[in-house]
Every structure is written in structure tokens, then in C-alpha cells.
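First the structure, in the form of C-alpha cells, and then the observations on it.
When reading the values below, keep in mind they use all heavy atoms of this one structure, side chains included, and skip hydrogens, waters and symmetry mates.
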Amino acid sequence: MEQNENTPQTEQQPANTEAPAEAMPSMEEMLKTAELKAQEHYDAWMYAKAEGENIRRRAAEDVSKAQKFAVERFSNEMLAVKDSLEAGMAVQTDNIESFKSGMELTLKQLSGVFDKFNIKEINPMGEKLDPHKHQAITMVESEQPANTVISVMQKGYSLNDRILRPALVMVAKGKE
């Protein structure tokens, strides 16, 4: 039997019509892929570790610099006060009033520096004893109520509401 050239020819299909299954990668290929992924993860971990160490080192340097130079602005202001004191000491005069006037100006300059840096004076005369701000040196008989500050021997100071030095005071004893 001969086929006519005009008649379509049918190709024979295999009995299994499913697409051929992908070949499963070999164990060696799977191992290579896993090793590559492991190396990628290791490299990323090492990079992150190095970056963390760099951040820690930079932060330590920043803290060190901040500690060293924290008082730089205050120190610059205090230099002007020192200069004024030295200039006052260099003046050759017998007039105590001019010397006192110079000292008052220097004290005013120092008070200005304290105000600028929020250093407050603690002068608790007549107040109740506050052990957080005052240090009682002695108790004396007085007409004042008990634990009232009757004398300030040394003023205290605070920096931004934190006590730098408590005031040294005498307080009244309770009436017996």
C-alpha cells in the first residue's frame, strides 16, 4: 500500500504521553550546590562579624573622645576667668578698692560661666535640712525649728540638677 503525497502522515507517539521527567541532580551536584551556599553564608557571616567589630571599635573611640573632650567648652570659658585673675594679680596698686572692684568683675565673669553651663549654687540658709543637697556638720541650740539650716559654712553646687558638692551646714537642734 502506497501513501499518497497529499495525505497527511501521522507520526507515531510513544505510548507514555507525559513530558519526560527532569533528571534528578546527582549527589555530587547537590553537594557542590550545598557547598556554594554554605560558602556564601559563611562569607556573609564573616562580613557581618567584621562590620560588628568595626562598629564596636568606632563606638569605643567615640566614647573615649567624648570623655576626653567633654569639658572643652567649659574649659575655654574658664580660661577667660583665669586670665582675669592673673591680670588682677599683676596690677601694682595700693588701692584696695580697685583690687576689690577687679575681683568683683572676675566673680561676675565666673558666675556668668556657671549660668551658661547650668551650674547652680546651693545656699540653703533658713531651709529644712535636705540630706540630698546638704551635709550637716554640726547641730547647735537655736530658736529655729529642728533640722533648720542656721549657718552655711560652704555653699554647694549642682550641675543640671545633679549635686556636684553638697552644702556644708549647721542645723538647729530640736527644742528640749
Is atom [atom1] of [X] surrounded by more than 12 heavy atoms (other residues, nucleotides or ligands) closer than 6.0 Å?
X     : atom1 : result
Asp62 : CG    : yes
Arg58 : CZ    : yes
Leu36 : CG    : yes

**Asked** Got a donor-acceptor contact below 3.5 angstrom from the Arg165 side chain to the Lys155 backbone?
**Response** yes

**Main-chain N/O of Asp83 paired with Glu86 side-chain donor or acceptor, under 3.5 Å** = no

Output the distance between atom [atom1] ([X]) and atom [atom2] ([Y]), rounded to the nearest 0.5 Å.
X      : Y      : atom1 : atom2 : value
Ile150 : Glu127 : CD1   : CD    : 14.5 Å
Ser111 : Lys116 : OG    : NZ    : 14.5 Å
Gln109 : Leu107 : CD    : CG    : 10.0 Å
Glu77  : Arg73  : CD    : CZ    : 8.0 Å
Lys100 : Asn95  : NZ    : CG    : 12.0 Å
His132 : Arg162 : NE2   : CZ    : 14.5 Å

[X] vs [Y] side-chain heavy atoms within contact, under 4.5 Å:
X      : Y      : value
Val81  : Thr106 : yes
Ile119 : Phe74  : yes
Met103 : Leu85  : yes
Met170 : Met139 : no
Lys133 : Ile163 : yes
Ile137 : Met153 : yes
Leu105 : Ser84  : no
Leu31  : Glu28  : no

How far apart are the closest heavy atoms of [X] and [Y], and which atoms are they?
X      : Y      : answer
His134 : Lys128 : CE1-O, 3.6 Å
Gly126 : Thr148 : O-CG2, 3.6 Å
Pro25  : Met30  : O-SD, 3.9 Å

Verify same cluster id: [X], [Y] (apolar side-chain graph, 4.5 Å):
X      : Y      : answer
Leu164 : Val71  : no
Leu129 : Val140 : no
Ile122 : Met125 : no

**Prompt:** Would Tyr157 and Lys120 satisfy side chain to side chain contact (heavy atoms under 4.5 Å, CB included), going step by step from the backbone distance to the final call?
**Reply:** CA-CA 6 Å; Tyr157 291 91; Lys120 304 286 185 220; over 6 Å; no

**Asked** Any ion pair linking Glu61 and Lys65 (charged N to carboxylate O, less than 4.0 Å)?
**Response** no

**Request:** State whether a side-chain donor-acceptor pair under 3.5 Å links Asp43 with Gln39.
**Result:** yes

**Request:** Take Glu53 and Lys49, measure what side chain to side chain contact (heavy atoms under 4.5 Å, CB included) needs, and give me the verdict at the end.
**Result:** CA-CA 6 Å; Glu53 288 175 7; Lys49 181 180 176 186; 3.5 Å; yes

**Request:** Begin from the C-alpha positions of Gln135 and Gln154 and carry the test side chain to side chain contact (heavy atoms under 4.5 Å, CB included) through to its verdict.
**Result:** CA-CA 10 Å; Gln135 183 175 350; Gln154 186 180 59; over 6 Å; no

**Message:** As a quick check of understanding, evaluate side chain to side chain contact (heavy atoms under 4.5 Å, CB included) for Met89 and Phe99, giving each step before the final call.
**Reply:** CA-CA 9 Å; Met89 295 301 292; Phe99 185 74; 4.3 Å; yes

